[in-house]
2 protein chains.
Amino acid sequence: MTKGEGIRHMLDRAGDKWTLLVIGALEHGPVRYTELQRSIEGISQRMLTHTLRQLQRDGLVVRDAYAEVPPRVEYALTDLGTSLLDAVTVLIDWAGSHHDEICANRVGYDAAREE
Amino acid sequence: MTKGEGIRHMLDRAGDKWTLLVIGALEHGPVRYTELQRSIEGISQRMLTHTLRQLQRDGLVVRDAYAEVPPRVEYALTDLGTSLLDAVTVLIDWAGSHHDEICANRVGYDAAREE
DNA sequence: CCGAATCCTATACGATACTG
DNA sequence: CAGTATCGTATAGGATTCGG
C-alpha cells in the first residue's frame with residue numbers, strides 16, 4: 001500500500017466529526033449508550049447511533065445488549081479499536097503540544113493579510 | 001486541555017480530505033505547485049490551493065515564490081509541519097496494518113445483516 | 001505556471017418527533 | 001433506556017472558466 005492510500009484509508013474511518021471522540025469515550029472499558037451521550041458533549045442521538053454502527057461494522061467496537069428491565073446496552077472497544085486509540089493518542093498529544101503555536105501563527109498570518 | 005478538545009482540535013486541522021495527503025507529498029523537501037497536483041491523485045486546483053493556504057496559515061507549510069520566467073513556486077514543510085508528519089505516520093502505519101482486517105469485518109457485518 | 005472566482009451538488013450533520 | 005424516521009440546512013468539495 002502506498003502512503004497516500006494509507007492516509008486516505010485512515011481518514012475514511014476516523015476523519016468524521018465524532019468517531020475519534022466515541023473511541024476516546026470508550027477508553028476505560030464498556031460504557032452504556034446514555035452515558036456515552038452524556039460524556040461526548042454536543043453529540044446528537046442520530047450521530048451517536050450512526051457512529052457506533054460504523055465502528056461496529058469495522059470491528060472496532062462491540063455492542064452488548066442485556067435483556068433486563070430497564071434495557072441496558074453497553075459498548076466497548078475491541079482489541080482492534082484499542083490499537084487504533086493507541087495510534088491516535090500520538091496525534092492528540094501533538095495537537096495539545098502545538099495548539100498555542102498554531103493559534104499564534106494564524107493570528108500572525110491574518111494580520112499580515114490585512115496590511 | 002481535555003482529551004476531547006485535543007481530538008477535536010487535531011481533526012479541525014487534519015480531518016479534511018486533502019490536508020494529510022498534501023503534508024505527505026511534502027515529506028521529502030520542497031515541491032512545486034504543479035508537481036504537487038500531479039503527485040496527489042484526484043486533487044483539484046481549487047482544493048490544492050485552499051489546502052496550501054490553510055497549512056500556510058497554521059505555520060505548517062511555507063510558500064517560496066521565485067521571480068523567474070516561467071514562474072516557480074515551491075512549498076515546503078516547516079519544522080512544525082514535519083513534526084505533524086511524524087505524529088501522523090503512526091496512524092498511517094496503523095491503517096496499513098489493519099486495512100485487510102477491517103475490510104473483512106465489514107463483509108462479515110454486512111453478511112450478518114442480510115440474513 | 002500558478003492561481004482566483006464562480007457555480008453547482010452531494011452529503012454530513014442537527015433538530016425534532018416517535019417507538020419497543 | 002435505547003434507539004429509528006424524517007426533515008431541513010450548512011458546507012466541503014468538484015468542474016469550469018478566467019487572470020497575472
Side-chain angles (χ1 to χ4, degrees), chain A residues 4 7-8 10-23 25-26 30-58 61-76 109-110 112-114, chain B residues 4 7-26 30-58 61-76 109-110 112-114:
Chain A
I7 296 175
R8 175 60 50 70
M10 185 272 290
L11 286 179
D12 286 348
R13 321 276 151 212
D16 60 81
K17 192 170 177 182
W18 299 110
T19 294
L20 294 187
L21 291 176
V22 171
I23 290 176
L26 293 173
V31 183
R32 298 180 62 163
Y33 183 89
T34 305
E35 178 65 18
L36 278 174
Q37 198 174 1
R38 284 202 311 107
S39 65
I40 304 170
E41 195 170 357
I43 197 169
S44 63
Q45 281 194 338
R46 184 191 190 287
M47 290 315 297
L48 177 55
T49 300
H50 180 255
T51 303
L52 286 168
R53 290 295 165 275
Q54 291 272 104
L55 292 171
Q56 268 186 265
R57 195 164 99 103
D58 290 345
V61 158
V62 286
R63 175 186 190 271
D64 285 310
Y66 300 87
E68 302 173 353
V69 179
R72 178 164 58 101
V73 179
E74 288 186 342
Y75 293 90
Y109 183 91
D110 292 346
R113 301 313 108 179
E114 288 173 5
Chain B
I7 297 176
R8 176 60 50 70
H9 175 226
M10 186 271 291
L11 286 178
D12 286 347
R13 322 274 151 214
D16 60 82
K17 192 171 178 180
W18 299 110
T19 294
L20 294 187
L21 291 175
V22 171
I23 290 176
L26 294 173
V31 183
R32 297 181 61 165
Y33 183 88
T34 306
E35 178 66 17
L36 277 174
Q37 198 174 1
R38 285 202 311 107
S39 66
I40 304 170
E41 195 169 358
I43 196 169
S44 63
Q45 281 194 339
R46 184 191 188 289
M47 289 315 296
L48 177 55
T49 299
H50 180 254
T51 303
L52 286 168
R53 290 294 165 278
Q54 292 272 104
L55 292 171
Q56 268 185 265
R57 195 163 100 103
D58 290 347
V61 160
V62 286
R63 177 186 189 269
D64 286 309
Y66 299 87
E68 302 173 354
V69 179
R72 179 164 58 99
V73 178
E74 287 186 343
Y75 293 90
Y109 183 92
D110 292 345
R113 301 312 108 180
E114 287 171 6

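Lettering of chains follows the sequences in order, A, B, ..., and the numbering in each one begins at 1.
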ask   = By side chain to side chain donor-acceptor pair (under 3.5 Å), which residues pair with Q54(A), not counting sequence neighbours?
value = none
request  = Only counting residues at least two apart or in another chain, list the ones meeting side-chain contact (heavy atoms from CB on, under 4.5 Å) with R32(B).
outcome  = E35(B), R72(B), E74(B)
inquiry  = So, using side-chain contact (heavy atoms from CB on, under 4.5 Å) as the criterion, who are the partners of Q45(A) when residues are at least two apart?
reply    = Y33(A), Q37(A)
ask   = What is the distance from atom CG of L36(A) to atom CZ of R38(A), rounded to the nearest 0.5 Å?
value = 10.0 Å
message = Based on the rotation axes of five pairs at each end, what angle does the helix from dC1(C)-dG20(D) to dG20(C)-dC1(D) bend through, to 10°?
response = 40°
message = If the condition is side chain to side chain donor-acceptor pair (under 3.5 Å), which residues does R46(B) pass it with, not counting sequence neighbours?
response = none
ask   = Side chains of R8(A) and L21(B): closer than 4.5 Å at any heavy-atom pair?
value = yes
inquiry  = Across nucleotides 4-20 of chain C, 5' to 3', mark each nucleotide with B, S or - according to how protein heavy atoms within less than 4.0 Å reach it.
reply    = B-B------BBB-B---
For atom CZ of R72(B) and atom P of dC2(C), their distance in whole Å = 10 Å
request  = Give me the first and last nucleotide of DNA chain D, going 5' to 3', that has any atom under 4.0 Å from a heavy atom of chain A.
outcome  = dC1(D) to dT6(D)
request  = Kindly write out the residues that satisfy side-chain contact (heavy atoms from CB on, under 4.5 Å) with D16(B), not counting sequence neighbours, or none if the list is empty.
outcome  = W18(B), T19(B)
note = salt bridge (charged side-chain N to carboxylate O under 4.0 Å, His left out) filter on R13(B), not counting sequence neighbours, yields D58(B)
ask   = For T34(B), which residues count as a side-chain contact (heavy atoms from CB on, under 4.5 Å) partner, sequence neighbours excluded?
value = none
request  = Check every strand shown and say whether Y75(B) touches a base, only sugar-phosphate, or nothing at a heavy-atom separation below 4.0 Å.
outcome  = sugar-phosphate
request  = Could I get the full list of salt bridge (charged side-chain N to carboxylate O under 4.0 Å, His left out) partners for R57(A), not counting sequence neighbours?
outcome  = D110(B)
ask   = What integer distance in Å separates E35(B):CD from dC1(C):C1'?
value = 13 Å
